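One structure is given here, and the rest of the page talks about it.
Because only heavy atoms are used, hydrogens play no part in the values below, and waters and symmetry mates are left out as well, while side chains stay in. If you're wondering where the values come from, they're calculated on a predicted model, not measured in any experiment. Positions are given from 1, in the same order as the sequence printed here.
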Amino acid sequence: MKKNDKKRKIKYAISTVFFLIIIIIDMVDLYNDIFNGRGHTIKDLVWLVILILVTLGNYYLMKDIGTIDDDDERDDYVQMKTDSTSYHILEWIIIIASVAFSAWGVILYSKNGNEQLAFVLIIIGAVLSSIWILTIIINFIIWLVNYYKN
């Protein structure tokens, strides 16, 4: 890997971690808005979705730096053996389900009489978001180990 590629990869890694921290802070703010009834829930939910998309973009840009565009049979074999495609699909399903459950909970909470169901849906969304953040952190740790091993 070229020296310039290493710098770019580290830049994207740092921005990914930064946006993960901002996502966690925004999630805490979103749930405080919901439970305290301040009424900024839609704005926080929109910002959460935007931050998640930016984090995903930075993460995938970081992973693509320094890779060869031409795939050969060995790369296809390794990808098949590691089931990375299934893993990435699972990551997308987790984040989409997290946003859907959180949005559904926010909408139900804004209507009177559905607080208990709304809290359950919001907690499910928070747990799914936490699982997604943990998968990103685990991938980042694996990348760091491989980066310093080389």
Next on the checklist: Just so I know, are the side chains of I52 and F19 near enough to count as touching, which here means a heavy-atom distance under 4.5 Å?
Outcome noted: no

Next on the checklist: Using 0.5 Å steps for rounding, measure from the CG atom of D26 to the CD1 atom of I21.
Outcome noted: 14.0 Å

Checklist outcome for this item: Exactly one of N58, T55, V54, I10 clears side chain to side chain contact (heavy atoms under 4.5 Å, CB included) with S15, and that residue is N58

Checklist entry - Can you find a heavy atom in the side chain of M27 that is under 4.5 Å from one in the side chain of D44? => result no

Checklist entry - Between atom CD1 of I50 and atom CD1 of I22, what is the distance when rounded to the nearest 0.5 Å? => result 14.0 Å

Checklist entry - Is it the case that more than 12 heavy atoms not belonging to Y60 sit under 6.0 Å from its OH atom? => result yes

Checklist entry - Between G125 and S98, which heavy-atom pair has the shortest distance, and what is it? => result O-OG, 3.0 Å

Item to check | Nearest atoms (heavy-atom pairs only) where K9 meets M62 | outcome: CE-O, 3.0 Å

Item to check | Residue pair S102 / A126: nearest heavy atoms and the distance that separates them | outcome: OG-N, 4.5 Å

Checklist entry - For the atom pair CD1 (I24) and OG (S129), what is the distance rounded to the nearest 0.5 Å? => result 10.0 Å

Checklist entry - Is there a path of hydrophobic side-chain contacts, each under 4.5 Å between heavy atoms of I, L, V, M, F, W or Y residues, that connects L48 with V28? => result no

Checklist entry - Is there a chain of hydrophobic side chains (I, L, V, M, F, W, Y, each step under 4.5 Å between heavy atoms) that links L134 to V17? => result no

Checklist entry - In Å, rounded to the nearest 0.5 Å, how long is the span from CG of L20 to CG of L51? => result 10.0 Å

Next on the checklist: My understanding is that only residues two or more places apart in sequence, or in another chain, count here; which of them pass ring-ring contact (aromatic ring centres under 6.0 Å, His included) with Y109?
Outcome noted: F119

Next on the checklist: Please say yes or no: joined through hydrophobic side-chain contacts below 4.5 Å, possibly via intermediate residues, are I107 and I122 part of one cluster?
Outcome noted: no

Item to check | Atom pair CH2/CD1 of W104 and I124 - distance to nearest 0.5 Å | outcome: 8.5 Å

Checklist entry - Which pair of heavy atoms, one from A118 and one from G105, lies closest together, and at what distance? => result CB-O, 3.3 Å

Next on the checklist: Which heavy atom of I94 sits nearest to which heavy atom of L128, and what is that distance?
Outcome noted: CG2-O, 3.3 Å

Checklist entry - Roughly how far, to the nearest 0.5 Å, is CG of L56 from OG1 of T16? => result 9.0 Å

Checklist entry - Can you name the closest pair of heavy atoms from E91 and W132 and give their distance? => result O-CD1, 3.8 Å

